[in-house]
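In what follows, chains carry the letters A, B, and so on, assigned in the order in which the sequence lines appear, proteins first and then strands, with residues in each chain numbered from 1.
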Number of protein chains: 2
Amino acid sequence: MRLVGRPGFTVIESIRFSTTTLLDVSANNQPHSADQARSTLADVAKKAGVSGSTASIAFSGVGSISQSTRDRVLKAAEELGYFGPDPRARSLRQGRSGIVGVILEDRVLYSFRDPMTLAALDGISQELSPGGGMLLLTSDGEGEPSIQNAVFDAAIFMGCSVHLARSIDIMRRRNVPMVAIEGQPFDGVLSVALDNFEASRTIAQLVYDLGHRRVATITLPLGIRRELQPVTEEVVRDATTAVSIDRLLGAREVFSDLGGYAASNSSSDDGFDAALRLLDVAVHERPTAIIAQSDLLAVGALRAAESLGLRVPHDLTVVGFDGARIEGMSEYDLTTMVQPATEKGRAAGRAVTQMLEGDECNDVAFTCVLHVGTTSAPPRRC
Amino acid sequence: MRLVGRPGFTVIESIRFSTTTLLDVSANNQPHSADQARSTLADVAKKAGVSGSTASIAFSGVGSISQSTRDRVLKAAEELGYFGPDPRARSLRQGRSGIVGVILEDRVLYSFRDPMTLAALDGISQELSPGGGMLLLTSDGEGEPSIQNAVFDAAIFMGCSVHLARSIDIMRRRNVPMVAIEGQPFDGVLSVALDNFEASRTIAQLVYDLGHRRVATITLPLGIRRELQPVTEEVVRDATTAVSIDRLLGAREVFSDLGGYAASNSSSDDGFDAALRLLDVAVHERPTAIIAQSDLLAVGALRAAESLGLRVPHDLTVVGFDGARIEGMSEYDLTTMVQPATEKGRAAGRAVTQMLEGDECNDVAFTCVLHVGTTSAPPRRC
DNA sequence: CTGTTAGCGCTTTCAG
DNA sequence: CTGAAAGCGCTAACAG
C-alpha cells in the first residue's frame, strides 16, 4: 500500500486556555517563588488541627485513624485544593518510586517497529505491580547520563551491550535490581536468555539437510553503524549486538563460512534491500537459500524474490527467525524458529517484581521451536 | 502466516549470581537497615574534606569549582563507590523529575498494536529533552491511583475521556502541564486535535459520490465493553471514545442512518470478524461499500471480502482511515484518509517541553488528507 | 488513636 | 571559590 501526499496542519487559537491559566503554569516554574496555589500536607494538617503524621495516615491509609479525624483531614484538604501527597517526596522518603526503567537499545522509533520488542514490552507491563509504570529510556551511547539520572527502582535492559558497563556498575552499587533480556552476561544482572545460538543452528541444519549448499544470510544490525553492509570478518569482530552474533555463529556451525549482508534494521524494507544484493547476481552465483535473522527480514527477502521473478520455495528457500505474526503474509507460511517473546517480557517483569520484594531469583532461559512452513524446500536442480 | 506450537522454556540455575549478591539486594529492602553499601553525597564530602554544597557542585557542574577540589571530591567518591546523586532526592529538591507521563487509554498490549499510537509515541519521544524519559501508564478505570501516585512533571493523554476527570483535576491543581492527543476538550488540558469529523465526512462523501447507497461501517471500539457488537443507537449514546464517535458522526453527515459493527479493537482480525457479519448475508442486503474507521480494520474487511470470493473494488468498495503503512498490503492501494500521526506526537512532545519551560502554548489541530487508492469504485449494477 | 521527632539525600541561597 | 544553613514534602519510629 503506497500513500501519497503529506497531510498539512494548522495551528488554531486556543479557546479554552485563558492567558491566566498559562501564566499560572509559568509562574510555577520560577523555583521557590511564593506559590500560593500549591498547598502541602503540612498545611492541611494545620488547617485540620492535627499533626502531620495523622494527616499522612488519612491519605495513605497505613496505620489506624478514627473516621471522624480522617473526615476532618479530607475536608480540610478539599478546602485547600490539596489532592494527595507529592509523589516525588514520597518516593524520596520511601526509597521507592514504583517505576521500572526499561532501557531500549535503539531509538524508541526502531524498538517500536520490532514486533519482538513490543511483545516483550507487553509482557513486562503485564507483570508489573498495578500502580507501577514503565519508564522508557534509550541507550544511544550518549544516553548513559539519562540512565544515571532517571528515577526508577529496577531496570530491565532490552539487550545490553558493553557500552552500558558503566551504567550497570552504578546501578549495581545503588542496589538497583537489573534484568537483561538477551543481553551479554553481566555480573549482577539477572539474565533472561533465549537459545539464539542453538536455534539458529537448528534452522541452518534444516536448510543443510534439504540439500542447500550455496546459502547466504541476512543478519540483524551487527554494530553501532546501522547500515546495510556485507558481513565481513572485520564487521563480525567489531559487532556489539549479542543476539545477531549468536544467531550468526549458530548458523556457522553448519555453514562454516556463512556470509551475506547485515541489514540496517529489522524491517521488511531492509530485508528487501539486503536480499536484492544477494539475489540480483548471475544465476550460478545466486544463493539457493537465505537464512534471515528475523521474520521481518525474511518477509523482505520474499518480496525481493518476487520482484525478481523467483518463486519461493521452488527457486529459493527463505527461512526466518522469531515466529512473528506478520500482517498480510497469508500467502506464505514462513519456515522459522518461534520464540516466546511475550514470555520473555513476563519473565523479566516477574523477576524485577520479585527482586524488589527481596526474593531470590534465578536466571531464566527460553528455547525456540522450529516451525516448518512452506518457504523451504530442496534446491532446484540446475 | 500461521504458526504452530508453543515454545517451551526452562529455568536454569544461575551461574553468575552468588547468593551473596542476592542477599545484598534483599537486605536493601529492609527499610532503614544499616546499609553500609550505599554512601551519600554527604559521606563523600566528609571524606574529601569539603562541604556538601561543594561536593554537589562537583557532580552537577552548576556553579564554579576549582579543578583540584573537584578532583579531590571525585576521588573520594570513587573510593566510596559513590556514583552520583540519587535521582529521587534530586527530583524532590528541584521539583523536577525529567519524566513525562504518557497515559494510554488501553492496556499497553493494545496500544502497542495500533500503528497510530506507536507513531504518536515515537513523535513524543523525538521531542522530549534528551535526558527525559516517557513513563507509560494505563488508565484502565482502576488505574486512576497510579496516575495520582506516579512521578512525572507533565502528562500526555492519548485520548482522554470522562473517567479521567478526577486525575485531570488533581494534575491541574498540582500545576502539572497536560496535553491530550485527540481527547475530549478538558479545561486546562492543551489539545492536539485531528479533524476526525470532517475527514470522516470527506471520505463518506467520496463513497456517496461514487454512487453507493447501501453502505455499512466498522467502527473502532465505542465504549468500555470492547467487544464486537452492532452499532445500535444505545451503543452510540453510551460511547466514551471521542475518536470513534467523531468519525461515526462525520460519516453520518452523508449517510444519516449509517450502521454496522463496532470492532473489539483496531486490528485486521477484528476487522475481518466484523466484515464477515456485514458481508455474509443475502446479496441484495449486502452493502456495496464498507467504511472502516481504521486501516487495520479495512485490511480485515479486504480479507473477509476475499474469503467470500468478493473482488475489491469490483464487488465491494472498502475505505479506511489513518494512512498506515501496513506490511503486505502491496496488492491493494487502500483508499483512506491519511493522518499525520507522528506529527501529532511531536506536537504533544513539543508542547509539554515548552510548558515546562514556562512558555505559552496554543492548541494545535491537524488535518487529514484524502488518498484515493484502488479499493474504491462505483457499485456494480445488479 | 494521635502527636513528636527525625530525617530520606540533595541543592541552593547567602555569607565569607 | 567554598562553607553553613535551610529546607523540598513526606513518612515512620516511638511515645503518649
Side chain B:R346, main chain B:I124, donor-acceptor under 3.5 Å
no
Between D:dT11 (C1') and A:R88 (CZ): distance, integer Å:
17 Å
Any side-chain N or O of A:Q94 under 4.0 Å from OP1/OP2 of D:dC10?
no
Rounded distance (Å) that lies between atom P of D:dC8 and atom CZ of A:R90:
18 Å
Sidechain-backbone polar pair: B:T69 side chain, B:I65 backbone, donor-acceptor under 3.5 Å
no
For the residue pair B:S56 and B:S53, confirm or rule out a side-chain donor-acceptor distance under 3.5 Å.
no
Is the backbone of B:M178 close enough, under 3.5 Å, to the side chain of B:R172 for a donor and an acceptor to pair up by distance?
no
Find the distance B:L92:CG to C:dC8:P and express it as a whole number of Å.
13 Å
If the helix axis at each end comes from five base pairs, how far does the helix from C:dC1-D:dG16 to C:dG16-D:dC1 deviate from straight, to 10°?
30°
A:R174 CZ - C:dC10 C1' separation (whole Å):
12 Å
Can you give each donor-acceptor pair under 3.5 Å made by side-chain atoms of residues 80-89 of chain B, sequence neighbours left out, with the distance rounded to 0.1 Å?
residue	atom	partner	partner atom	Å
B:Y82	OH	B:G84	O	3.2
B:D86	OD1	B:R88	N	2.7
B:R88	NH1	A:D153	OD1	2.8

For residues A:T40 and A:D43, determine if any side-chain heavy atom of one lies less than 4.5 Å from a side-chain heavy atom of the other.
yes
Over 12 non-hydrogen atoms of neighbours within 6.0 angstrom of CD in A:E79:
yes
Show your working on salt bridge (Lys or Arg N to Asp or Glu O under 4.0 Å) between B:R173 and B:D169 and close with a plain yes or no.
CA-CA 6 Å; B:R173 280 179 221 255; B:D169 204 39; 3.1 Å; yes
Under-3.5 Å N/O pairs linking protein and nucleotides 2-4 of chain D:
residue	atom	partner	partner atom	Å
D:dT2	OP1	B:S66	OG	3.0
D:dT2	OP1	B:T69	OG1	2.3
D:dT2	OP2	B:S66	N	2.8
D:dT2	OP2	B:T69	OG1	3.4
D:dG3	OP2	B:S51	N	3.0
D:dG3	OP2	B:T54	OG1	2.9
D:dG3	N7	B:S53	OG	3.2
D:dA4	N6	B:S53	OG	3.2

Atom pair distance, as rounded to whole Å: CZ in B:R93 and P in C:dT12:
6 Å
Is B:Y82 touching bases, backbone alone, or none of the nucleic acid, heavy atoms closer than 4.0 Å?
sugar-phosphate
In whole angstroms, the gap separating P of C:dG9 from CZ of B:F59 amounts to 15 Å
May I have the distance from B:N175 (atom CG) to D:dG9 (atom C1'), rounded to whole angstrom?
16 Å
Got a donor-acceptor contact below 3.5 angstrom from the A:R96 side chain to the A:S91 backbone?
no
Rounded to whole Å, the CG-P distance (A:L41 to D:dA12) equals 12 Å
